[in-house]
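Within every chain, numbering begins at 1; the chains are lettered A, B, ... in the order of the sequence lines, protein sequences first and strands thereafter. Computation of the quantities below employed the complete heavy-atom set of this structure, encompassing side-chain atoms and omitting hydrogens, waters and symmetry-equivalent molecules.
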Amino acid sequence: MFQEKYQQIERMLRACTGEEDALLTTGGDHADLASTIAFKRAKVEKRAPAKIAADIAEKLSADPSLGDIRVEATGPYVNFRFGPTLLADAVREALDPGYGALQRRTGRVVLEHTSANPNGPLHVGHIRNTVIGDSLARAFRKAGHALEVQYYLNDMGRQIAIVSWGFDHLDIPRKEGEKPDHYVARVYIAANREIEKNPEITKEIDHLMQLVERGDAETVKKFRTAVSLCAEGIKATLAALNVHHDRFVWESDFVRIGDVDRIIERVRRLPQAHEDETLWVNLTEQGFEKKYILRRSDGTSVYSTRDLAYHTWKGRNYDRMIDVLGADHKLIGAQLRATLTLLGEQPPEIVFFEFVSLPEGSMSTRAGKFVSADELIEEVAAKAYDEVTTRRPELSFEERCAIAKSVAIAAIRYDIVKVSPEKSTVFDWKEALDFERQSGPYIQYAHARACSILDKAGEFTRTYTLETEHEVALARHLARFPAVIEQTVEELRPHLVAAYARELADLFNAFYHYDPVLKSEGETRNSRLTLVDAVRNTLQESLATLGIDALRSM
RNA sequence: GGGCUUGUGGCCUAGUCCGGACAUGGCGUCAGCCUCCUAAGCUGAAUGUCGGGGGUUCAAAUCCCCCCAAGCCCGCCA
């Protein structure tokens, strides 16, 4: 409804003024939609903006196709307000199962996220990638895109060689009940200590990397074993966060099937390619001073080469590719895009997010300086369990645990997704353990409240009458949800959904406080219950888009 | 040294791409609200040179220039 009306008003303003851009925005408190077009026309017409706005408003009000939309000029602004019929339509639409879903689109999209090196567990920095990526994936599916989500498993890097060396040379047994990714991290950290003590080991590591590139069966098997072990643990963490990848793509496969050799051949034929002891691409024309090296002097490929092969493969199999990457990949990502363009291949769209650090400094798996996602989940779930136990002592142990788990994931995911990706953050335990306003649990709570009211209400007849200011404000906000989904996939910014859901919860809480539902009677009771149901459904849909469980009770 | 990103009340944050109506909300502080649909809630108060300085414009947190600060990157690592 909202989007159609937006487009209709935009067309009318264009026709009325002859301007290309209708300068239409959401009007905040003033209106559902507002235009500042009168300022622009003032220059051309050499008249006061307020007069022009008044003329436009008068002309448009005479148009019957506007129906239930009221137009008025407030000073130089042309304001549009949806009337009761339209708002009733908005509530009606918001009751649809799957509300917010957009029309099915053609073309396959591949979205790559997380892709952390399998040399240890995911830490609180990695899961920023995970949460942004998964929320984006959910928004894309809701927006009607056919989507495949991939994890690119770097199984032949130096880190993995170090892990493999550690398994071979250090006698580190797995502890009872230790998660495999944490075990791998211990081996990795210990191996790095050995290398520090004895730098000669570096040669052994280099040798392992050459063996694996050549496809030496025994070394490949050792690497795979280590990587599989770690990936098993990573998958468990992802599952706990409500995150699923459709496919794990192994980096070494591109070497094994010859794609890396083929891409090197293609790169060699580029006019920008140079071969001395290494093969590199000169990207100065594209604005990069740095050599883009794709083959070492010992003949082995580097990460960039394999990444080039991976993206070429993605380009062949998908119509659109999106990568979620940490800000440390900005340069290499730009070089990748530039090189793919030179090769005549499709470059990926890249969503970058800035770093998460600890109060004492940046995280490092190698130094063992990190807060793991598992530890975070455990701590937050413990706190959530205490909260649930205090509030709902009558529930069984199992029920309380289940709620605590959902609340914990909600708190963690929401904390991460609500912040713009371009902002660097410092991990803070106090904030992570806060379940109050502007948190995931706060929104879940609003949803549970709505459910509770509906459970107690029993049967009622759906009625669409909006009387109080709180009811009207809710309906106006409900109407915007599909537009928010649209904007989220257009701008690749999932935090818009987070902000939307929080605002909806805010509005619902205000309504809850001022407008009694169960105690009201007749038409009012029916229409308020209908509104509560619409809010319940829209909260559920927006929470689902954020990968957060919409609890019925908490 | 060069590049990218960020800088909004004590702390965190929206808005910046696409300039417009009193800069969004939270935490914390202070003052209130559970004989009333779950108080993970609600109401009110105090707190702002939108990093600094120029410029463009009828209009700048938003655009342009300069400067300052922080994070990240600048490896035959990934």
Side-chain angles (χ1 to χ4, degrees), chain A residues 21 23 25 27-31 34-36 38-40 42-43 48-49 74-77 79 115-117 119 154 156-160 206 209 251 277-280 287-291 293-304 306-307 326-332 334 352-355 357 362 384 387-388 390-392 407 411 418-426 428 430-431 434-446 448-457 491 495-496 498-499 502-503 505-506 509-510 512-520 528 532 553-554:
Chain A
D21 187 350
L23 299 170
T25 58
D29 289 338
H30 309 281
S35 170
T36 55
F39 285 110
K40 190 142 189 227
K43 271 213 173 87
T74 310
Y77 304 93
N79 289 337
S115 301
N117 280 330
N119 58 350
N154 303 135
M156 55 183 299
R158 177 160 230 102
Q159 285 94 329
I160 307 311
D206 289 342
M209 288 172 72
E251 181 183 17
E277 58 277 19
T278 63
L279 170 69
W280 58 280
F288 304 103
E289 291 306 318
K290 214 71 210 163
K291 283 183 180 180
I293 291 173
L294 294 175
R295 197 187 58 216
R296 295 191 185 97
S297 51
D298 67 2
T300 58
S301 63
V302 291
Y303 166 83
S304 302
R306 277 107 60 178
D307 210 20
D328 54 338
H329 283 68
K330 275 188 179 176
L331 175 60
I332 201 114
F352 289 108
F353 65 95
E354 291 289 331
F355 262 52
S357 56
S362 50
E387 290 282 328
V388 181
T390 309
R391 290 159 206 278
R392 306 291 302 276
V407 166
K418 74 177 177 190
V419 181
S420 308
E422 63 271 14
K423 220 119 172 168
S424 50
T425 61
V426 178
D428 179 356
K430 189 174 155 285
E431 245 167 72
D434 180 15
F435 303 148
E436 293 190 351
R437 291 188 72 167
Q438 280 205 347
S439 75
Y442 167 79
I443 300 165
Q444 287 179 307
Y445 188 71
R449 264 184 168 168
C451 289
S452 168
I453 293 172
L454 293 164
D455 284 346
K456 287 184 177 142
E491 300 181 8
H495 84 279
L496 296 174
R502 197 213 77 229
E503 284 159 7
D506 285 345
N509 281 330
Y512 174 89
H513 186 73
Y514 289 105
D515 301 340
V517 179
L518 296 176
K519 289 202 180 85
S520 59
R528 284 185 183 168
V532 170
S553 161
M554 62 189 278

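Pair check for B/A14 finds none; no Watson-Crick or G-U wobble contact set falls under 3.5 Å. Across every strand in view, B/A23 sits unpaired, with no contact that passes the Watson-Crick or G-U test at under 3.5 angstrom. Figure legend. B/U35 is base-paired to no nucleotide; pairs are counted as Watson-Crick or G-U wobble with both atom distances under 3.5 Å. Taking a pair to require two hydrogen-bonding distances under 3.5 Å in either a Watson-Crick or a G-U wobble arrangement, B/A69 pairs with B/U6. For B/A59, there is no paired base (Watson-Crick or G-U wobble, both distances below 3.5 Å).
For the residue pair A/N154/A/R306, the side-chain donor-acceptor check at 3.5 Å is not satisfied.
Nearest approach of A/F353 to A/G326, heavy atoms of both residues: CE2-N, 3.3 Å. Here the closest non-hydrogen pair linking A/P441 and A/M554 is O-CE, 3.7 Å.
Across the protein-nucleic acid pair, A/F355 atom CZ and B/C4 atom P stand 18 Å apart, rounded to whole Å. Residue A/Y442 contributes atom OH, which lies 17 Å from atom P of B/U38 at whole-angstrom precision. Rounded to an integer number of Å, the gap from CZ of A/R502 to P of B/G25 is 8 Å. Following rounding to the nearest Å, A/I332 (CD1) and B/C4 (P) show an atom-to-atom distance of 17 Å. Rounding to whole angstrom units, OH of residue A/Y512 and C1' of B/U38 are separated by 6 Å. Spacing between atom NE2 of A/H495 and atom P of B/C17 amounts to 14 Å, rounded to whole angstrom units. Here the P atom of nucleotide B/A39 and the CE atom of A/M554 are 12 Å apart, to the nearest Å. One can place CG of A/N509 at 13 Å from P of B/U38, the figure rounded to the nearest angstrom.
Across all strands, A/V302 comes closer than 4.0 Å only to sugar-phosphate atoms, never to a base (heavy-atom distances). Counting any heavy atom pair closer than 4.0 Å across all strands shown, A/E277 reaches a base atom. Among the heavy atoms of the strands lying under 4.0 Å from A/V407 is at least one base atom, whether or not backbone atoms are also near. Across all strands shown, A/E503 has no heavy atoms under 4.0 Å from either base or sugar-phosphate atoms. Among the heavy atoms of the strands, none lies under 4.0 Å from A/M156. Within the 4.0 angstrom heavy-atom criterion, no nucleotide atom of any strand lies near A/G75. No contact: A/D206 has no heavy atom under 4.0 Å from any strand. Within 4.0 Å (heavy atoms only), A/F352 reaches no atom of the nucleic acid at all. Among the atoms of the strands shown, none is found under 4.0 Å from any heavy atom of A/K291. A/A42 comes within 4.0 angstrom of no nucleic acid atom, judged by non-hydrogen atoms across all strands. Residue contacts shown for A/A334 are absent, as no nucleic acid heavy atom lies under 4.0 Å away.
No side-chain heavy atom of A/W280 sits less than 4.5 Å from a side-chain heavy atom of A/L294. Residues A/K418 and A/R502 form no side-chain contact, since every pair of their non-hydrogen atoms from C-beta on lies 4.5 Å or further apart. Looking at heavy atoms from C-beta onward, A/S553 lies in side-chain contact with A/R392 at the 4.5 angstrom threshold.
Of the candidates B/A14, B/A39, B/C74, B/A39 carries the atom nearest the A/Y445 side chain, counting heavy atoms from C-beta on. Considering only the side chain of A/K330, B/U5 comes nearest among B/U5, B/C76, B/C37. With B/U5, B/C37, B/A21 as the choices, the nucleotide that has an atom nearest any side-chain atom of A/E354 turns out to be B/U5.
Between A/D434 and A/K430, none of the side-chain N atoms (NZ, or NE/NH1/NH2) sits under 4.0 Å from a carboxylate O, so this pair counts as no salt bridge.
Checking A/A31 against A/A446, the closest nucleotide of RNA chain B that is more toward the 5' end is the one next to A/A31. For the pair A/Y77 and A/K418, nearest-nucleotide mapping onto RNA chain B gives the more 5' position to A/K418.
The side chain of A/R296 places no N or O atom within less than 4.0 Å of a non-bridging phosphate oxygen (OP1 or OP2) of B/G75. A/S420 has a side-chain polar atom (N or O) that falls below the 4.0 Å cut-off from OP1 or OP2 of B/A14. Using a 4.0 Å cut-off, some side-chain N or O of A/K290 falls inside it from OP1 or OP2 of B/G75. A/R306 has a side-chain polar atom (N or O) that falls below the 4.0 Å cut-off from OP1 or OP2 of B/A78. Note on A/K423: a side-chain N or O is less than 4.0 Å away from OP1 or OP2 of B/G7. Using a 4.0 Å cut-off, no side-chain N or O of A/R158 falls inside it from OP1 or OP2 of B/C76. Side-chain nitrogen and oxygen atoms of A/K456 include at least one within less than 4.0 Å of the OP1 or OP2 phosphate oxygen of B/U38.
Scanning atom types as modelled, one donor and one acceptor separated by under 3.5 angstrom connect the side chain of A/S297 and the base of B/C76. Counting distance only, with no hydrogens placed and no angle test, the side-chain atoms of A/N79 and the base atoms of B/A21 include a donor-acceptor pair under 3.5 Å.
The gap from the P atom of B/C77 to that of B/C63 amounts to 40 Å, rounded to the nearest Å. Taking the P atom of each, B/U8 and B/C58 are spaced 31 Å apart, rounded to whole Å. As rounded to the nearest Å, B/G9 and B/U47 have P atoms that lie 15 Å from one another.
Glycosidic conformation, B/C72: anti, with the torsion outside 90° of 0.
Between A/H30 and B/A21, a base-stacking contact is recorded: ring centres under 5.5 Å apart, planes less than 30° from parallel.
Partners of A/Y303 according to the ring-ring contact (aromatic ring centres under 6.0 Å, His included) rule, which considers only residues two or more places apart in sequence or in another chain, do not exist here.
Counting only distance, with no hydrogens or angles, the side chain of A/R437 and the backbone of A/Y442 share no donor-acceptor pair below 3.5 Å.
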